[in-house]
Amino acid sequence: MNEMPGSDRFSRPAAENPLLLQALDGKDDLLASIPSIPAVMQSLLHELEQPADNVNLQRVAEIISRDEALAAQCLRMANSALFSRGPAMDSLRGAVRTLGIARIRDIAVSCGLMRVVPTSMKGLDPMIFWKHSLACAIIARKLARSVGFGDPDKAYLAGLLHDIGYIVNVIVFPEQTQAAIRKAQRQGLFAGEVEYADLGFTHCQSGELLARRWRLTDAMVEVILCHHNAAAAVVNPGLVAIVSLADRLCRASGLGFGYVETPDPMSECSVDWILLSEHCPLAAELTWEAFVKETETYKEEIHKLVAATYKIT
């Protein structure tokens with residue numbers, strides 16, 4: 001297998017990876033079996049991918065209300081012990097008033113995406129997968145706000161979607177993916193390194209394929225492809241750097257894939273932080289160490305939110 005220099009192997013587009021294209025040959029039916037994002041979710045994602053100032057909050061509530069199951073999930077979450085502060089709510093409008101549109105939007109996006117993923121993923125516990133994805137989303141948004149990134153909610157969505165390539169791999173290449181993940185867990189290695197060494201491609205490239213099938217924006221596709229090599233980003237480097245840093249922090253803080261990695265994912269954060277500082281000037285007024293220390297105060301909140309969100313899907 002030809003080795004690519006540095007981290008380029010993680011950001012090499014799917015169309016330029018012959019081993020991935022070869023592995024996909026004859027598996028069109030499996031790739032097609034991955035559900036498309038429901039129309040309501042497409043509309044919701046489209047609404048949320050606009051600049052923050054352009055998001056119509058009333059329209060977001062209306063979109064959620066079109067899907068009875070999704071609206072019901074939002075209501076169950078709103079009435080859960082984690083969020084409920086008074087009498088039970090029986091309308092989405094009441095939930096929006098109580099929780100705020102931002103929280104309702106997060107619940108809707110998270111629950112909606114969980115619905116397109118198999119409840120059983122061979123080799124990868126769905127609970128662990130979504131715990132990492134949701135934690136990364138929450139931390140990405142907090143980091144975006146701290147460094148003055150223009151659209152923190154886009155950072156949340158990017159964090160939630162960054163690892164969707166694992167969905168492709170466990171469905172289309174179940175045996176190989178299971179072996180790679182178990183090897184990574186057994187040896188304490190970064191799963192992406194094992195994927196590339198044993199399969200010749202990673203969840204980054206397969207995630208790019210799924211993102212394009214789902215018709216996500218170029219910025220979101222770039223996050224999914226380049227979140228392990230932010231230096232390769234050209235569409236929105238600041239957004240990719242935010243998700244890369246959030247992903248590293250999660251994997252080093254018990255919010256990864258259920259095991260301790262060696263080397264520590266935090267050991268190579270400086271490159272991403274420098275890149276972030278170039279695109280978000282407020283990052284120069286904050287140290288990465290200070291932000292990491294701050295995240296300790298809401299780690300328990302993240303665990304509770306993830307558990308509550310996953311429980312109601």
Under 3.5 Å, sequence neighbours excluded: what are the donor-acceptor pairs made by side chains of residues 136-143?
from: R141; atom 1: NH1; to: D106; atom 2: OD1; distance (Å): 3.1
from: R141; atom 1: NH1; to: D106; atom 2: OD2; distance (Å): 3.1
from: R141; atom 1: NH1; to: D153; atom 2: OD1; distance (Å): 3.1
from: R141; atom 1: NH2; to: D106; atom 2: OD2; distance (Å): 2.4

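- No donor-acceptor contact under 3.5 angstrom links the side chains of S133 and D163, judged on distance only.
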Show the numbers, then the answer: is there a side chain to side chain contact (heavy atoms under 4.5 Å, CB included) between L209 and V168?
CA-CA 9 Å; L209 288 176; V168 178; 5.8 Å; no
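- When all heavy atoms of F129 and I167 are compared, the pair lying nearest together is CZ-CG1, 4.1 Å.
- A side-chain donor-acceptor contact under 3.5 Å links H162 to the backbone of G159.
- Hydrophobic cluster membership of V194, counting Ile, Leu, Val, Met, Phe, Trp and Tyr whose side-chain heavy atoms lie under 4.5 Å apart directly or via other members: L189.
- Under the salt bridge (charged side-chain N to carboxylate O under 4.0 Å, His left out) criterion, no residue pair touches residues 218-234, with sequence neighbours excluded.
- Interatomic distance, M266 CE to L249 CG, rounded to the nearest 0.5 Å: 5.0 Å.
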Please determine whether side chain to side chain contact (heavy atoms under 4.5 Å, CB included) holds for the pair K183 and D198, giving the CA-CA distance in whole Å, both sets of side-chain angles, and the decisive distance to 0.1 Å.
CA-CA 10 Å; K183 179 178 178 180; D198 292 2; 3.4 Å; yes
Assess whether ring-ring contact (aromatic ring centres under 6.0 Å, His included) is satisfied between H203 and H228, documenting all intermediate values.
CA-CA 10 Å; H203 62 282; H228 291 307; 5.2 Å; yes
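- Cluster annotation: I171 and L21 are assigned to distinct hydrophobic clusters (Ile/Leu/Val/Met/Phe/Trp/Tyr, side-chain heavy-atom contacts under 4.5 Å, transitive).
- With salt bridges taken as basic N to acidic carboxylate O contacts below 4.0 Å, none links D8 and R12.
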Test log, rule side chain to side chain contact (heavy atoms under 4.5 Å, CB included), inputs Y196 and F201:
CA-CA 5 Å; Y196 186 78; F201 55 88; 5.7 Å; no
Is there a side chain to side chain donor-acceptor pair (under 3.5 Å) between T202 and Q205 once you walk through the steps?
CA-CA 6 Å; T202 76; Q205 287 88 37; 3.2 Å; yes
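- Listed by chain and number, the residues in a salt bridge (charged side-chain N to carboxylate O under 4.0 Å, His left out) with K27 amount to none (sequence neighbours excluded).
- In this structure A283 satisfies the side chain to side chain contact (heavy atoms under 4.5 Å, CB included) test together with V147, W273, L276, S277, sequence neighbours excluded.
- Judged as a side chain to side chain donor-acceptor pair (under 3.5 Å), and not counting sequence neighbours, the contacts of S11 are N229.
- Residues passing the side chain to side chain donor-acceptor pair (under 3.5 Å) test with H279: none are found, sequence neighbours excluded.
- Counting all heavy atoms, side chain and backbone alike, I128 lies closest to G256 at CG2-O, 3.6 Å.
- For the pair S267 (side chain) and P263 (backbone), a donor-acceptor distance under 3.5 Å is absent.
- In this structure, CZ on F257 lies 7.5 Å from CD1 on I181, to the nearest 0.5 angstrom.
- Although no hydrogens or angles enter the test, the distance criterion places no donor-acceptor pair under 3.5 Å between the side chain of D247 and the main chain of V243.
- Linking ILVMFWY side-chain heavy atoms closer than 4.5 Å, directly or via other members, places L282 and F291 in two distinct hydrophobic clusters.
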Starting from the C-alpha separation in whole Å, work towards a yes-or-no answer on side chain to side chain contact (heavy atoms under 4.5 Å, CB included) for V221 and W214.
CA-CA 10 Å; V221 172; W214 282 357; over 6 Å; no
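- More than 12 heavy-atom neighbours from other residues, nucleotides or ligands sit within 6.0 angstrom of CD on E278.
- In terms of modelled atom types and a separation under 3.5 Å, the side chain of H227 and the main chain of V223 share a donor-acceptor contact.
- Summarising the hydrophobic clusters (Ile, Leu, Val, Met, Phe, Trp, Tyr; side-chain heavy atoms under 4.5 Å, direct or chained), the residues clustered with V234 are V235.
- Judged by distance alone, the side chain of T295 and the main-chain N or O of V292 form a donor-acceptor pair under 3.5 Å.
- Nearest approach of C280 to F149, heavy atoms of both residues: SG-CD1, 3.9 Å.
- A distance of 14.5 Å separates OH of Y166 from CG of L210, quoted to the nearest 0.5 Å.
- Taken to the nearest 0.5 Å, the CD atom of E289 stands 8.5 Å off from the SG atom of C269.
- For the side chain to side chain donor-acceptor pair (under 3.5 Å) test, no residue two or more places apart in sequence or in another chain qualifies with N17.
- Closest of all the heavy-atom pairs between E261 and P265 is OE1-CG, 3.5 Å.
- Cluster annotation: L255 is not connected to V260 through the hydrophobic network of ILVMFWY side chains, with a link wherever side-chain heavy atoms come within less than 4.5 Å.
- Taking hydrophobic clusters as Ile, Leu, Val, Met, Phe, Trp and Tyr residues chained together by side-chain heavy-atom distances below 4.5 Å, I242 does not share a cluster with L275.
- Note on V240: it does not cluster hydrophobically with L225, by side-chain heavy-atom contacts below 4.5 Å among ILVMFWY residues.
- Scanning both residues, A71 and S65, for their nearest heavy atoms gives CB-CA, 4.4 Å.
- Residue A232 comes nearest to C226 through the heavy atom pair CB-SG, 4.2 Å, listed as atom of the first residue, atom of the second, then distance.
- Annotation: side chain to side chain donor-acceptor pair (under 3.5 Å) contacts of R213 (sequence neighbours excluded): none.
- The main-chain N or O of P13 is never found under 3.5 Å from a side-chain atom of E208 such that the two would form a donor-acceptor pair.
- Open room surrounds CD on Q22; 12 or fewer heavy atoms of other groups in view lie less than 6.0 Å from it.
- Rounded to the nearest 0.5 Å, atoms CG (D28) and OG (S33) are 11.0 Å apart.
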Kindly indicate, with the supporting measurements, whether the criterion ring-ring contact (aromatic ring centres under 6.0 Å, His included) is fulfilled by F190 and F10.
CA-CA 12 Å; F190 168 44; F10 295 121; 5.6 Å; yes
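- Pairs of residues two or more places apart, or lying in two chains, that qualify as salt bridge (charged side-chain N to carboxylate O under 4.0 Å, His left out) and include a residue from residues 64-75 are D67-R115.
- Distance CG/L239 to OG/S244: 11.0 Å, rounded to 0.5 Å.
- Qualifying side chain to side chain contact (heavy atoms under 4.5 Å, CB included) partners for Q176, counting only residues two or more places apart in sequence or in other chains: F173, L199.
- Between L124 and T177 the shortest side-chain heavy-atom distance does not fall below 4.5 Å.
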